Q: 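Dropping a structure here in structure tokens format, bear with me for questions.
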2 protein chains.
Amino acid sequence: MSATIKDIAKRLRISPSTVSRALNNKPGISKKTISAVNIMANKLNYKRNSLAVSLRQDKSFCIGVVVPWISNYFFAEAISGIEHVAFCAGYQIIIAQTNDDEEEEKRALQALTSSRVDGILLSTGSKVKGVSHIRAIQKEVPIVLFDRTIKRLKLSGIGAEDYRGAYEMTKHLIKSGKRKIVHLSGPKNVEIAMNRLSGYKSALSKHKIPFKRHLVIDCDFNESLVHPTITKLISEGVEFDALFASNDDMAVQAIISLKKYGKKVPEDIAVAGFGNYPVSKIVNPQLSTVNHQPKEIGIQATKVLLNQIDQLTPVVNLIIKSELILRDSSCNSVD
Amino acid sequence: MSATIKDIAKRLRISPSTVSRALNNKPGISKKTISAVNIMANKLNYKRNSLAVSLRQDKSFCIGVVVPWISNYFFAEAISGIEHVAFCAGYQIIIAQTNDDEEEEKRALQALTSSRVDGILLSTGSKVKGVSHIRAIQKEVPIVLFDRTIKRLKLSGIGAEDYRGAYEMTKHLIKSGKRKIVHLSGPKNVEIAMNRLSGYKSALSKHKIPFKRHLVIDCDFNESLVHPTITKLISEGVEFDALFASNDDMAVQAIISLKKYGKKVPEDIAVAGFGNYPVSKIVNPQLSTVNHQPKEIGIQATKVLLNQIDQLTPVVNLIIKSELILRDSSCNSVD
DNA sequence: ATGAAAGCGCTAACAG
DNA sequence: CTGTTAGCGCTTTCAT
């Protein structure tokens with residue numbers, strides 16, 4: 001079918017190794033041979049077989065990326081950053097999505113190790129309880145976690161300032177005069193969601209506002225649960241003057257839902273989110289949120305992984321700076 | 001490092017070929033051997049080396065996906081669909097983004113052929129003029145185009161009903177009493193953008209509304225050009241009572257921009273988009289748009305490609321049904 | 001039911 | 001500067 005270095009060698013009556021060296025600019029090959037080889041390679045439409053190179057060199061120049069969902073603002077942006085850095089470094093990326101499921105995550109990691117990827121970037125699924133499937137492969141291939149990190153594994157992790165971002169945002173709501181702040185949280189077993197919850201709690205306690213359990217509602221990062229939640233709060237007569245959601249999709253739905261009930265945002269109820277999704281700039285009023293820089297997280301995670309691949313550098317934990325973005329959904333004029 | 005079939009064979013004092021056959025459930029191996037092999041494989045933590053298998057079988061069970069941008073609602077959704085179908089069929093996907101650039105597209109395709117992917121799903125970049133880089137590899141590996149298709153290449157293509165969707169949407173605007181309809185178009189060398197423009201034009205002519213060249217403005221699928229465009233239209237006193245944008249991001253910006261100028265949507269100016277992006281449901285008023293089903297396009301494209309890989313089926317051109325979604329940004333009450 | 005041997009395409013000692 | 005040889009891990013005839 002397609003030409004190999006043997007074919008080139010035969011036509012030129014030289015040895016395959018010389019062809020290989022010429023093609024890879026190895027030292028000690030005459031200019032003449034190099035040009036002859038290149039010309040013949042072109043003529044025969046030669047394409048290097050990376051599979052063979054990888055097998056021989058025990059190095060695939062390929063990294064695996066495992067995420068819960070590919071489409072989804074955060075991961076799509078992160079993957080974009082990952083691809084960029086990887087491509088620039090000569091690596092390809094194999095992507096797998098797990099639908100947040102443990103079994104699928106397991107299979108994806110299996111498949112990637114079989115493919116002999118040089119490293120793996122992993123964001124674990126929210127329904128993943130165990131870590132044995134990760135432990136099972138962490139001696140064989142460098143793994144870097146991003147966003148959905150897991151502390152108990154001694155693995156490098158790159159994430160956002162979830163705690164500080166939530167803390168600052170809650171503080172902002174408090175500073176603008178709000179006291180009864182509802183928090184729509186994410187799943188309990190997702191560390192970032194719990195970190196955001198912690199930030200919210202800390203800000204409250206720092207400002208001597210008692211934490212009220214019934215003001216925290218787990219909406220599972222699922223925006224379709226928001227309207228029912230708001231409906232319940234209002235019908236039960238729960239008093240609140242602000243709402244901080246663990247992600248923007250939930251916050252945006254909250255704004256829409258609150259407006260349906262005649263509540264003014266931010267006068268009656270200030271709303272804030274997390275993530276700086278595109279929708280946050282479109283909703284009316286525009287949403288105050290935290291930019292956790294998904295693309296940057298992907299970029300840095302990849303850089304850490306590539307380092308780890310090259311030199312077996314030690315485990316690192318990187319926190320990418322998050323920035324508060326104050327818009328009209330919270331009373332930032334008062335601040 | 002990691003165990004191979006040779007290691008298993010040695011420990012069991014049998015031959016590597018037997019181990020291979022046992023591991024792959026080939027006929028003619030005794031139950032006893034099979035179970036012994038499996039136990040030993042487990043014990044040695046054996047992982048099949050897909051690189052070696054691929055090299056040997058000349059089949060990588062891997063498909064390449066090339067898109068202009070990974071993050072971007074349409075492509076992220078499409079890729080999600082692609083990954084799903086591919087994974088279910090036992091294929092992995094290597095993803096590359098081209099930033100709409102011809103040189104990068106070329107390199108990506110090169111890299112993928114080197115990696116001996118079994119097939120390629122390609123959506124060409126808007127700044128890609130030539131097709132020689134595609135021609136160069138289309139004999140070596142099955143290629144299926146999606147979304148950004150190219151007619152002059154005899155390749156399978158899967159796309160949306162761009163023409164019909166635009167036609168129906170324009171017709172809808174006309175039916176609701178609008179006559180002076182601005183069209184914010186996409187790049188001239190992107191076929192889908194031109195198909196949408198054609199649909200717009202056809203609807204006008206079908207309803208005896210003269211086509212006005214100055215009402216079509218190329219915004220290059222770039223929403224940041226929209227506000228300046230609207231500003232210009234208004235300051236120049238151009239009269240229009242509706243606006244149809246070639247994608248939702250542009251349409252949403254148009255709504256925001258028009259509202260800034262005190263125009264009522266849809267009473268003064270009706271607005272419609274294309275794509276059914278998440279923002280279309282968030283903007284106020286909600287945007288009338290065309291759902292072109294990105295995930296479904298990805299799914300079908302992958303199915304076609306897998307067929308092509310397996311049996312060299314003929315070239316097909318699939319059009320995925322698009323649906324009109326009428327919301328408040330256009331006067332659908334009148335319809 | 002199993003083994004021996006060849007080879008996928010490539011690179012890397014080693015030798016000259 | 002170039003060739004010879006061996007082998008990465010696996011599958012697949014062809015034997016037996």
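Keep in mind the model is a prediction, meaning the values are calculated, not measured. Residue numbers start from 1 in every chain, and the chains themselves are labelled A, B, ... in the order their sequence lines are given, proteins ahead of strands.
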Q: Give the residues of residues 16-24 of chain B touching DNA chain D, defined as any heavy atom closer than 4.0 Å, sorted by residue number.
A: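 B:Ser17, B:Ser20, B:Arg21, B:Asn24, in order of number.
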Q: With respect to the side chain of A:Ile14, which nucleotide from D:dG3, D:dC10, D:dC8 is positioned closest?
A: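 That would be D:dG3.
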Q: Any side-chain N or O of B:Lys26 below 4.0 angstrom from OP1/OP2 of D:dT12?
A: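 Indeed, a polar side-chain atom of B:Lys26 lies that close.
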Q: With sequence neighbours excluded, what pairs up with B:Asn307 under the side-chain contact (heavy atoms from CB on, under 4.5 Å) test?
A: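 In terms of side-chain contact (heavy atoms from CB on, under 4.5 Å), with neighbours along the sequence ignored, B:Asn307 is linked to B:Gln311, B:Thr313.
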Q: D:dT2 C1' sits how many Å from A:Leu12 CG, rounded?
A: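 It works out to 13 Å between those atoms.
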Q: Within a 6.0 Å radius of atom NZ on A:Lys10, are there more than 12 heavy atoms belonging to other residues, nucleotides or ligands?
A: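 For A:Lys10, atom NZ is not crowded (no more than 12 foreign heavy atoms under 6.0 Å).
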Q: What is the distance from CD1 of B:Ile29 to C1' of C:dA1, rounded to the nearest Å?
A: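 Roughly 6 Å, once rounded to whole Å.
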Q: Measure up the B:Phe146 and B:Phe74 rings against each other and bin them: parallel (under 30°), tilted (30 to 60°), perpendicular (over 60°).
A: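 If you compare the ring of B:Phe146 with that of B:Phe74, the planes turn out parallel.
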Q: Taking only the side-chain heavy atoms of B:Val53 (C-beta and beyond), determine which of D:dC10, D:dG9, C:dC10 contains the nearest atom.
A: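 The answer is D:dC10, which lies nearest to the side chain.
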Q: Using a 4.0 Å cut-off on heavy atoms, which residues in residues 30-51 of chain B reach DNA chain C? List them by number, or say none.
A: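 Hits under 4.0 Å, by residue number: B:Ser30, B:Thr33.
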Q: State whether B:Gln57 places a side-chain N or O below 4.0 Å from either non-bridging phosphate oxygen (OP1 or OP2) of D:dC10.
A: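 It does not, given that no N or O in the side chain of B:Gln57 lies less than 4.0 Å from OP1 or OP2 of D:dC10.
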Q: Quickly work out the A:Lys10 NZ to C:dG9 C1' distance and round it to whole Å.
A: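 Taking NZ of A:Lys10 and C1' of C:dG9, I get 12 Å after rounding.
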Q: Looking at D:dG9, I'd like to know if its phosphate oxygens (OP1 or OP2) sit under 4.0 Å from a side-chain N or O belonging to B:Thr4.
A: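 Negative; the distance criterion is not met.
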Q: Rounded to whole angstrom units, what separation is found between the CG atom of A:Leu55 and the P atom of D:dG9?
A: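 That distance rounds to 7 Å.
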Q: Keeping B:Ser35 on the side-chain end and B:Lys32 on the backbone end, is there a donor-acceptor pair under 3.5 Å?
A: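 Judged by distance alone, yes, a pair lies under 3.5 Å.
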Q: Inspect the surroundings of CZ in A:Arg107 and state if more than 12 heavy atoms from other residues, nucleotides or ligands are less than 6.0 Å away.
A: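 Above 12, so yes.
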Q: Ignoring hydrogens, what is the shortest heavy-atom contact between B:Leu122 and B:Ile134? Give both atom names and the distance.
A: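 Of all heavy-atom pairs spanning B:Leu122 and B:Ile134, the closest is CD2-CD1, 3.7 Å.
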Q: Please report the distance, rounded to the nearest Å, between NZ in B:Lys59 and C1' in D:dC10.
A: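 To the nearest whole Å, that distance equals 17 Å.
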Q: Report the nucleotide, chosen from D:dC10, D:dT2, C:dT2, that has the shortest atom-to-atom distance to any side-chain atom of B:Ile5.
A: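 From the listed options, D:dC10 comes nearest.
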Q: Between A:Lys6 and B:Arg13, name the one whose nearest nucleotide on DNA chain C is closer to the 5' end.
A: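 Comparing both residues, the 5'-ward one is B:Arg13.
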Q: For residues 27-64 of chain B, pull every pair meeting ring pair (Phe, Tyr, Trp, His ring centres under 6.0 Å), keeping only residues two or more places apart or in separate chains.
A: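 Every ring pair (Phe, Tyr, Trp, His ring centres under 6.0 Å) pair that includes a residue of residues 27-64 of chain B, provided the two are not neighbours, is B:Phe61-B:Tyr91.
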Q: Could you name each residue pair satisfying ring pair (Phe, Tyr, Trp, His ring centres under 6.0 Å) that touches residues 2-38 of chain B, not counting sequence neighbours?
A: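 As it turns out, there is no ring pair (Phe, Tyr, Trp, His ring centres under 6.0 Å) pair with a partner in residues 2-38 of chain B once direct neighbours are skipped.
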Q: Compile the donor-acceptor pairs under 3.5 Å between side chains in residues 79-87 of chain A and protein atoms, sequence neighbours left out, one pair per line.
A:
residue	atom	partner	partner atom	Å
A:Ser80	OG	B:Gln97	OE1	3.4
A:Ser80	OG	B:Gln97	NE2	3.1
A:Glu83	OE1	B:Gln97	NE2	3.3
A:Glu83	OE2	B:Gln97	N	3.0

